Structure formats: C-alpha cells, structure tokens
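Remember, predicted model here, so these are calculated numbers, not experimental data. Each residue takes its place number in the sequence, starting with 1. Order of listing sets the numbers, starting from 1, for every ligand and every atom in it.
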Amino acid sequence: MQALDLLLNRVSVGRLLDPAPDAAQREVLFRAALRAPDHGQLRPWRFLTVEGEARVQLGELFASALLAGNPEAKPEALDKARGMPLRAPLLVVAIARLSEHPKVPQQEQLLSAACAAHGLLLAAQAQGFGAVWRTGELASDAHVLAGLGLAANERIVGFVYLGSFEGARRTPAPLAVADFVGSWPS
Ligand SMILES: Cc1cc2nc3c(=O)[nH]c(=O)nc-3n(C[C@H](O)[C@H](O)[C@H](O)COP(=O)(O)O)c2cc1C
C-alpha cells in the first residue's frame with residue numbers, strides 16, 4: 001500500500017474479528033508506533049496487549065470500576081462494560097509515561113503518545129487489519145488505571161482495538177481542506 005493512499009484513506013473499523021495480527025505483524029505495529037515524533041527522545045509511552053481470556057479479565061475490571069463509581073449501576077450497564085473488550089481479538093492499551101523535563105512539557109509527551117497510537121492505526125490498516133481507537137470514561141478511571149498497573153505518572157491515551165474484518169473497508173467522508181486551512185495574516 002502506498003503511503004499517501006494509507007494516509008488519505010485511514011478509517012476506523014468497529015466490528016473486529018479473528019485473526020488478530022500475528023507476532024511478526026505486531027512487531028510492525030509497534031515499530032510504527034515507536035516512530036512517533038518525540039521531543040527530547042523521551043519515548044513517553046508504553047503499550048500493553050490484552051487478548052484471549054485476558055479480555056474477560058479486563059471486562060471484569062471495567063465492570064468493577066463502574067460499580068465502584070456507582071454502586072447503583074444497573075446489571076445491563078455492568079454487562080455492557082464486561083463486553084467491551086470482547087469487541088476485538090486484540091486490544092492495545094496505549095499509555096503515556098509523563099515525566100518532568102525542563103524543555104518538554106507533559107502536554108507534548110501526551111501528544112507524542114497519541115501520535116504513537118495513530119501509528120498503530122496506520123500500521124494496522126497498512127497490513128490489512130481493522131482498528132479503532134477508543135477511550136470512554138473508563139480510560140481515566142483510577143480503578144482501571146490501578147488494575148492495569150499504571151504508575152502515578154502514567155495515563156491511558158487509548159484502547160486500540162485490532163483485528164480482521166469482513167467486507168470492504170469504508171471510504172472516509174470527504175472533507176474540504178479549505179474549511180480547515182487558512183493563511184496568516186489573512
Ligand atoms: C482520543 C480518542 C478517543 C476516542 N474514543 C472513542 C470512543 O471511546 N468511542 C468511539 O466510538 N470512538 C472513539 N474515538 C473515535 C474513533 O476512534 C474514530 O476516530 C471515529 O469514530 C471516526 O472514525 P474514523 O477514524 O474512521 O474517521 C476516539 C478517538 C480519539 C482520537
């Protein structure tokens with residue numbers, strides 16, 4: 001796949017199925033993520049893969065976080081939370097590792113980690129897989145962060161869901177560049 005074709009046509013895929021990327025394909029995914037622009041070469045990121053039965057465990061963690069935040073949570077809401085990680089055969093938790101740096105504010109470190117997550121999406125599509133970046137309230141829930149073993153200086157930038165998909169890839173809706181780009185001074 002040509003680079004520009006990929007950049008111009010990246011789309012998310014919500015319905016993801018087996019097979020997940022294999023070991024060699026994952027290596028490519030993560031190498032692409034590691035090429036994110038990175039002020040100061042801080043490498044302000046790390047990634048966790050969640051697959052197989054671990055997705056059930058993650059669903060339980062989501063449900064228990066929901067319940068901890070709202071003891072009145074309805075059983076349907078808890079079941080929905082449990083089912084979330086089952087929407088793809090492989091999840092990658094993209095984590096920003098924020099540090100104090102004299103020249104690189106934490107905001108920039110967070111942006112780098114987000115670019116790394118975008119690298120995962122692009123490399124997934126380039127290899128014929130589908131992917132979607134999800135967050136939701138649980139991505140910043142203290143119970144979830146603790147359950148995933150994040151340190152105090154770490155944040156989840158996204159859960160990247162990955163897998164195969166059926167049918168043709170969606171064509172993205174066209175946007176008019178002129179609606180978003182101006183020159184300065186105008
Ligand atoms: C930081 C971030 C968090 C997101 N969280 C969610 C989410 O929780 N649920 C969701 O459906 N889409 C979420 N999205 C949006 C999808 O990943 C996707 O970009 C959007 O549906 C548009 O589809 P497209 O990527 O094909 O243009 C998030 C995107 C970003 C960048």
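- Remark: ligand 1 atoms within the under-4.0 Å shell around heavy atoms of Val11 are 26 (O).
- Taking a cut-off of under 4.0 Å to the non-hydrogen atoms of Val132, the atoms of ligand 1 that pass are 17 (O).
- Atom 21 (O) of ligand 1 is not flagged as protein-proximal [any protein heavy atom, distance under 4.0 Å].
- For atom 26 (O) of ligand 1, the nearest non-hydrogen atom of the protein is Arg170 NH2, 2.5 Å.
- Closest protein heavy atom to atom 24 (P) of ligand 1: Ser12 OG, 3.3 Å.
- Considering only heavy atoms from C-beta on, Arg87 stays 4.5 Å or farther from Leu16 through its side chain.
- Here the protein heavy atom with the shortest distance to atom 27 (O) of ligand 1 is Arg10 NH2, 3.9 Å.
- Closest to atom 3 (C) of ligand 1 among all protein heavy atoms lies Thr135 OG1, 3.2 Å.
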Exercise. Dump the intermediate steps for side-chain hydrogen bond (donor to acceptor under 3.5 Å, both in side chains) on His39 and Ser112, then the final yes or no.
Key: CA-CA 8 Å; His39 190 178; Ser112 277; over 6 Å; no
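- Of all non-hydrogen atoms in Ala81 and Leu66, the two that sit nearest each other are CB-CD2, 4.1 Å.
- A cation-pi geometry, defined here as NZ or CZ lying under 6.0 Å from the six-membered ring centre and within 45° of its normal, holds between Arg134 and Tyr161.
- Nearest to atom 10 (C) of ligand 1 among the protein's heavy atoms is Arg134 NH1, 4.0 Å.
- Using a 4.5 Å heavy-atom cutoff, the side chains of Arg46 and Pro44 are not in contact.
- Close approach of ligand 1 to Gly136 (heavy-atom distance below 4.0 Å) involves ligand atoms 8 (O).
- Remark: Arg31 CZ is loosely packed, at most 12 non-hydrogen atoms of other residues, nucleotides or ligands lying under 6.0 Å away.
- Atom 13 (C) of ligand 1 has its closest protein heavy atom at Trp133 O, 3.3 Å.
- The existence of a salt bridge linking Glu60 and Arg55 is excluded, since no basic side-chain nitrogen approaches an acidic carboxylate oxygen closer than 4.0 Å.
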